[in-house]
Student: 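Okay, handing you the structure first.
Residue numbering restarts at 1 for every chain, and letters A, B, ... go by the order of the sequence lines. The basis for the numbers below is simple: all heavy atoms, side chains too, and nothing from hydrogens, waters or symmetry mates.
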Amino acid sequence: MLTMSEPATAPDANAPASSLEGDLVRRARRGDLPAYDELVKRYQERIYATIYHMTSNHEDANDLAQESFIKAYSALKSFKGGSSFYTWLYRIAVNKTINFLKQRRNKHHLSLNDLDFNAEHDPDLVALISDKTPTRDVNLSELQKKLNEALLKLSEPHRMVVVLHDVQGVSHEEIAEIVGCNIGTVRSRLFYARQQLQGYLADYIKS
Amino acid sequence: MSEKNDNFDPLKQLLKLKRHEIPPPGYFSNFSGDVLSRIRAGEAGGSDSIFERMQSSSPFWSSMLALFTAKPGIIGGLATSVCVLLLVGVVLLDRSDSGQAVADTMPGQPAATVADSGVLDATPALASAVPLAPADAGVGISVNSNPVTSLQPITAFGSEQNPLFQPILVKDVH
């Protein structure tokens with residue numbers, strides 16, 4: 001991110017980045033592991049985060065994220081470039097996660113990551129646990145636990161759209177491409193999921 | 001749907017808490033190395049199930065599989081239907097073979113001679129289905145002992161016998 005002290009002459013990041021990524025993908029398809037290592041480093045945080053938010057379990061997220069990248073490497077030859085590499089990779093991770101969760105239906109075990117230092121200073125969160133909230137004594141850890149438990153009550157397709165859109169900021173269009181449905185379905189799932197969450201978390205949401 | 005129910009701003013604020021959840025320090029420093037180690041160890045060898053491969057290869061199959069997963073009764077019904085059709089097919093085939101064998105072994109027609117009775121004894125349906133030729137043509141049918149059964153014209157031997165009541169004779173065919 002540029003600060004005021006940096007010159008505002010940054011080149012167009014999109015064109016060089018996409019051509020660089022295309023080059024990395026081509027090289028990785030030919031078996032160039034250092035090139036694939038670069039791709040993993042580019043997307044490891046986002047892929048891990050999506051899986052973690054879906055599973056609420058760090059160990060499961062670690063395994064699934066690694067397996068997603070391993071599978072993506074073995075399936076590189078089938079990547080035809082119709083979508084961006086990122087979207088294609090995301091689709092692999094999403095499918096793997098949903099399959100995993102379906103097999104473990106109703107057997108959730110929370111293994112939550114810690115909150116970073118900035119959480120206590122986030123104005124939105126501070127407002128939530130202020131004396132204006134219905135439950136005054138709630139702290140962030142309890143809120144985190146309740147939030148994850150509520151998310152796990154949603155079905156996988158509904159949880160996925162909430163995680164992708166409301167947590168990770170992915171657009172409706174991109175979600176539709178990742179999940180393999182139309183934008184209307186994404187919007188309806190998102191609305192329904194939010195309604196459900198609102199009900200589960202009514203005690204913790206400021207009215 | 002009341003307007004109050006559509007106001008998801010407080011919920012969105014709460015969901016931002018998820019963005020503050022971070023893995024242990026240094027986690028991502030080793031992540032890519034672990035992935036590549038596993039790739040080098042040969043784990044990227046298509047260990048996925050057919051299910052996963054179909055999901056990644058085509059959105060059509062992905063949606064079909066999602067349908068079957070959501071409604072397992074559909075796949076159960078399809079499987080049952082396939083089994084029933086197979087059974088019906090086998091029964092009909094068996095009946096038509098029996099009918100053909102009866103028609104082929106009408107009086108006046110010679111029995112077939114074969115090179116390997118073992119094969120036909122084990123496969124009575126095949127034995128009964130072996131086509132027969134008129135005795136005066138001096139031509140019969142032989143079945144050799146190769147796994148791929150072949151039918152070759154041979155010179156008829158022996159007297160006329162009804163294949164339904166007589167064992168199939170073993171003849172060497174040259």
Student: When only pairs under 4.5 Å are counted, which of A/Val40, A/Asp116, A/Leu115, A/Asp114 shares the most heavy-atom pairs with chain B?
Tutor: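 Between A/Val40, A/Asp116, A/Leu115, A/Asp114, the count favours A/Asp116.
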
Student: Quick check: closest heavy atoms across B/Ser32 and A/Lys41, and the distance to 0.1 Å?
Tutor: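 Of all heavy-atom pairs spanning B/Ser32 and A/Lys41, the closest is OG-CE, 3.3 Å.
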
Student: So for A/His58, is it side chain, backbone, both, or neither that comes closer than 4.5 Å to the heavy atoms of chain B?
Tutor: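 The answer is the side chain of A/His58.
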
Student: Give, for atom CG of B/Asn7 and atom CD1 of A/Ile205, the distance between the pair rounded to the nearest 0.5 Å.
Tutor: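 If I round to the nearest 0.5 Å, the distance is 10.0 Å.
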
Student: Is there side-chain contact between A/Tyr36 and B/Ile39, with at least one heavy-atom pair below 4.5 Å?
Tutor: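 Result yes, sub-4.5 Å side-chain heavy-atom pair found.
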
Student: B/Tyr27 versus A/Asn62: any side-chain heavy-atom pair under 4.5 Å?
Tutor: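 They are in contact (side-chain heavy atoms under 4.5 Å apart), so the answer is yes.
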
Student: Using non-hydrogen atoms only, which part of A/Ala65 is less than 4.5 Å away from chain B: side chain, backbone, both, or neither?
Tutor: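 Both parts, heavy atoms under 4.5 Å.
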
Student: If every non-hydrogen atom of B/Asp34 is compared with every non-hydrogen atom of A/Gln66, which pair is closest and at what distance?
Tutor: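 Distance-wise, the nearest heavy atoms are CB-NE2, 3.6 Å.
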
Student: In terms of heavy-atom proximity below 4.5 Å to chain B, should A/Val163 be classed as side chain, backbone, both, or neither?
Tutor: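 Neither part.
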
Student: If I measure from the heavy atoms of chain B, does A/Ile98 come under 4.5 Å with its side chain, its backbone, both, or neither?
Tutor: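 Neither part.
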
Student: Minimum heavy-atom separation for A/Leu33 to B/Leu36, with atom names?
Tutor: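 The answer is O-CD2, 3.6 Å.
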
Student: Under 4.5 Å from any heavy atom of chain B, what part of A/Leu147 do you find: side chain, backbone, both or neither?
Tutor: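 Only the side chain of A/Leu147 comes within 4.5 Å of chain B.
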
Student: Answer yes or no: are there more than 12 heavy-atom neighbours, outside A/Tyr192 itself, under 6.0 Å from its atom OH?
Tutor: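 No, not enclosed.
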
Student: Hey, could you give me the NE2/CZ distance between A/His53 and B/Arg19, rounded to the nearest 0.5 Å?
Tutor: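 Reported value, rounded in 0.5 Å steps: 9.0 Å.
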
Student: Taking atom NE2 of A/His165 and atom CG of B/Leu15, what is their separation to the nearest 0.5 Å?
Tutor: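 Atom-to-atom, A/His165:NE2 and B/Leu15:CG are 11.5 Å apart.
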
Student: Looking at B/Glu21, B/Lys18, B/His20, which hits side chain to side chain contact (heavy atoms under 4.5 Å, CB included) with A/Asn113?
Tutor: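 Only match with A/Asn113 under side chain to side chain contact (heavy atoms under 4.5 Å, CB included): B/Glu21.
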
Student: Restricting to non-hydrogen atoms, name the atom on A/Asp37 and the atom on B/Gly33 that form the minimum distance, rounded to 0.1 Å.
Tutor: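 Shortest heavy-atom separation between A/Asp37 and B/Gly33 comes out as OD1-N, 4.5 Å.
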
Student: Given a strict heavy-atom distance threshold of 4.5 Å, which part of A/Glu45 is in contact with chain B: side chain, backbone, both, or neither?
Tutor: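 Contact with chain B: backbone and side chain both.
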
Student: Measure the CG-CG distance between B/Leu17 and A/Leu140 for me, rounded to the nearest 0.5 Å.
Tutor: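 With rounding to 0.5 Å, CG (B/Leu17) is 6.0 Å from CG (A/Leu140).
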
Student: Counting only non-hydrogen atoms closer than 4.5 Å, does A/Leu151 touch chain B with its backbone (N, CA, C, O), its side chain (CB onward), both, or neither?
Tutor: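 Contact with chain B involves the side chain of A/Leu151 alone.
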
Student: First locate atom CZ of A/Phe117, then atom CD1 of B/Ile22, and finally report the distance between them rounded to the nearest 0.5 Å.
Tutor: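 Atom-to-atom, A/Phe117:CZ and B/Ile22:CD1 are 11.5 Å apart.
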
Student: Find out whether A/Tyr48 and B/Pro23 are in side-chain contact, i.e. whether some heavy atom of one side chain is under 4.5 Å from a heavy atom of the other.
Tutor: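 Sidechains of B/Pro23 and A/Tyr48: in contact.
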
